[in-house]
Amino acid sequence: MKHRGPFLPCTALFLALVQTQALAQTPDTTPPSVPVNLAGTAVSSTSTVLYWTQANDDTAVTAYYIHRNGAFLRTHTDNTYTDIGLAPGSAHTYQIAARDAAGNVSALSDSFTITTDAAENPRLVRPEHLTYLGAFRFPGDAHNDYAYGGTSIGFNPANNSLFARGHDWYQLVGEISIPTPVITSDYSALPVAAVLQNQTDITEGHLNEVGADGAAIGGCKVGGLLVHDGRLLGTSYAYYDAGGNAHRSHFISELDFTQTGDFRGMYRVGSRNPGFVAGHMAHVPPEWQTALGGPVLTGLDGVPIVSRTSYGPTISVFDPAQLGVVEPVPATLLFGYTYEHATLGTWGNSTEYNPQFNQAAGSSGVVFPFGSDSVLFFGSAGVGIPCYGQGTSDPALDRTPVPGTNGAVVYVYDPASGGKGCHAYPYVAYVWAYRAADLACVAAGQLQFWQVVPYATWELPLPFGPDGQDAVGGAAYDPATQRIFVCQYNAVGAAPIIHVYRVNLPTTPPPATYATWRAASFTGADLTNDAVSGPNADPEVCGLNNFARYAFGLAARGPVANPVTVGTATSAGLNYLTLTFPRRAAATDLTYTLEASTDLATWLPVEGHTYTAGASSITAQDTVALGTTPRRFLRLRVTTP
């Protein structure tokens, strides 16, 4: 008998087996990491939503323990939770702990406090407020190839048209009409947009000049288009910038493509990597520009090399008037997520359902509907368990090693994408909805940029799919008609489609009580701060407190003058003092009483001059004629139960 290998005595063999068995039976006593980046916001007057970065464990995190106001609330399985059934205007403090398969539980996270809305905010956009109007097709001819295009679109109010980026290979931009959309799932039945301007290189050869001092970086793409102040703003981003060489992003072109020599750029916006700003853009409604710090929003996410961009939607605010004037153009990051603060989730997550952010999720268009308090991001998300690997259409191969890779690469079931990369099949068009008030809190220094989270997310049904990743290529908005245009990338083969929605916010009567007026007029931290939104507060220091603004139907913010005026009226040859004042059109808690005094110490109601809310102003006349008493004073007393 030939002996192969060293001789191992029986005693040593026995000891080795015992030691191996003991090691195999060593219990797991190591708890998961403490969840970090806990943040949240109010969903409504009765609910809140929480997000946090997934915890880590040497085996697997199997659950999260949610604590509210110091007491255990419930067990949850992923990194976002909606708390319902709460009282309007109530504050709740949350903490999270993670549990692993062995039952080990981490310490509690840092706390985060959320206050529900005092009343429902009708200016927050919900899924039911987006009415689908139909769709239309892009034109296609020798000069206007939109296959694999439409990933950047911008509305042109001058022509009721869209600027749109064409075929991905060429990065040219054209202008197309907006035909009346049709609701159908038959591609051939869709109306076709007319060509208004042929595709051209609106950067005049400068698309790649986004490096330091304008150095060229290959593989740049048009990231966003926006008509602003009669000019076309654009962005350019380096598609694969592993070295972090990009510095610049924004440019300007005129609207008439027959002009040449009108390109200006590239400009740097903000101090962060352009991976945070070099994509989609949107206008800020006038009433929000002061609070947010500028007239235009800009952002980028969902591009390769996630470390240079945001782990989820992001937006900064800037003033395009500063392009070419200041370098870099000042920009404020209103929210976004970094590796250290991946509030919506980590890129490497491969165990938890998390469409809000995963390897196959990203936004490609942003809209801030006028008359709303919502910033909406349109994009795509994988709603399966995410995983990096080799796509396969065979479900039996899912998560098994690819031969010849020594287990370094696994198959991932994804019949929509067979390449090696990020997967989370199936894929949907997706909307992330953020509160503008939360962005304003960041601008005011009341929140950190990573503490802003969506108050709602939802799938956006499309009659043509989507089938694969990157289903939504861009979004544009017409404030005059409240239309939102969403481009579906590769909707039918390589052909994109424009879907049209209308924002239909509910029409509500004026607030009937001070509490509802306060909730509708103030946001974020201001809403719960009596020094700002309380009835006796005068945040604008104009001599009128908030209750007076409410009672007289005045604007909640901004400078206002005292609307009560003193006059005289003549009746039967005698003169009388009068007070003229506006009333709130609709209110259930207001009483207006004319009072008189002869010494400014004792005030008595003037008989017959007590009023309730109404649409018209009141001129209340005293009952005592001037000259019949040595002194006579009038005042208006406004009371609430």
Side-chain angles (χ1 to χ4, degrees), residues 32-42 48-57 61 64 66 78-81 93-98 106-114 244 270-279 292-293 297-317 331-352 354-359 361-363 366 375 377 379 381 386 432-435 437-455 457 524-525:
S33 64
V34 178
V36 295
N37 301 319
L38 176 63
T41 193
T48 61
V49 64
L50 302 171
Y51 287 87
W52 60 91
T53 305
Q54 293 100 335
N56 297 313
D57 188 66
V61 174
Y64 295 97
I66 299 173
D78 57 55
N79 73 315
T80 179
Y81 173 70
T93 300
Y94 298 91
Q95 290 178 287
I96 309 294
S106 73
L108 286 170
S109 68
D110 290 340
S111 63
F112 193 85
T113 300
I114 309 171
S271 57
R272 288 183 174 270
N273 189 300
F276 275 81
V277 298
L292 298 189
L297 302 175
T298 186
L300 177 68
D301 67 277
V303 293
I305 314 300
V306 67
S307 59
R308 66 175 169 138
T309 184
S310 177
Y311 288 60
T314 183
I315 213 71
S316 298
V317 64
T332 300
L333 177 62
L334 296 178
F335 77 86
Y337 315 101
T338 62
Y339 174 82
E340 297 79 10
H341 297 294
T343 311
L344 300 190
T346 61
W347 185 89
N349 164 50
S350 60
T351 59
E352 297 180 18
N354 188 36
Q356 295 85 3
F357 176 72
N358 60 49
Q359 301 172 19
S363 69
V366 61
V375 181
F377 290 80
W432 295 257
Y434 287 79
R435 287 173 171 262
D438 288 346
L439 278 63
C441 287
V442 176
Q446 298 166 351
L447 283 176
Q448 299 295 324
F449 63 83
W450 51 269
Q451 293 177 314
V452 175
V453 299
Y455 69 85
T457 60

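Annotation: side chain of Leu344 is not in contact with side chain of Tyr311 (no heavy-atom distance under 4.5 Å). Residues Ile114 and Leu50 are in side-chain contact: their nearest non-hydrogen atoms beyond the backbone lie under 4.5 Å apart. Taking 4.5 Å as the limit, every side-chain heavy atom of Ile315 sits out of range of all side-chain heavy atoms of Val375. Counting only heavy atoms from C-beta outward, the side chains of Trp52 and Ile66 approach each other to under 4.5 Å. Contact of the Val452 side chain with the Leu439 side chain is registered, since non-hydrogen atoms from C-beta on lie closer than 4.5 Å.
To the nearest 0.5 Å, the span separating OH on Tyr337 from CH2 on Trp450 amounts to 11.0 Å. Rounding to the nearest 0.5 Å gives a distance of 10.5 Å between CD of Gln448 and OG1 of Thr343. Between the CG atom of Asn354 and the OG1 atom of Thr80 there is a distance of 7.5 Å, given to the nearest 0.5 Å. The line from CD1 of Ile96 to OG of Ser111 is 11.0 Å long, rounded to the nearest 0.5 Å. Note that OH of Tyr455 is 10.0 Å distant from OG1 of Thr41, once rounded to the nearest 0.5 Å. Separating the CG atom in Leu334 from the CG atom in Leu447 is a distance of 11.5 Å, to the nearest 0.5 Å.
Defined by atom type and a distance below 3.5 Å, a donor-acceptor pair is missing between the side-chain atoms of Thr309 and Asp301. Donor-acceptor pairing under 3.5 Å is lacking for the side chains of Ser316 and Thr298.
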>> Before you tell me yes or no, could you show the steps for Tyr81 and Tyr64 under side-chain contact (heavy atoms from CB on, under 4.5 Å), namely the whole-Å CA-CA distance, both residues' side-chain angles and the distance that decides it to 0.1 Å?
In response: CA-CA 10 Å; Tyr81 173 70; Tyr64 295 97; over 6 Å; no
> What do the steps show when you test Asn79 against Thr53 for side-chain contact (heavy atoms from CB on, under 4.5 Å), and what is the final call?
Replying inline: CA-CA 7 Å; Asn79 73 315; Thr53 305; over 6 Å; no
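Closest non-hydrogen pair, Leu333 versus Val442, comes out as O-CG1, 3.6 Å. Here the closest non-hydrogen pair linking Tyr51 and Val453 is CD1-CB, 3.5 Å. What you find for Ser109 and Pro35 is that their closest heavy atoms are CB-O, 3.1 Å. Of all heavy-atom pairs between Ser363 and Phe377, the closest is OG-CD2, 3.8 Å. The shortest heavy-atom contact between Phe449 and Thr338 is CE1-CG2, 4.1 Å. In plain terms, the two heavy atoms of Thr314 and Leu300 that are nearest each other are CG2-O, 3.3 Å.
Not counting sequence neighbours, Ser310 has no partner by the side-chain hydrogen bond (donor to acceptor under 3.5 Å, both in side chains) test.
Asn37 contributes a side-chain N or O that, together with a main-chain N or O of Glu340, makes up a donor-acceptor pair within less than 3.5 Å. Arg435 places a side-chain N or O within 3.5 Å of a backbone atom of Ala42 that can act as its donor or acceptor partner.
With ring centers used as reference points, Tyr434 lies under 6.0 Å from Phe335.
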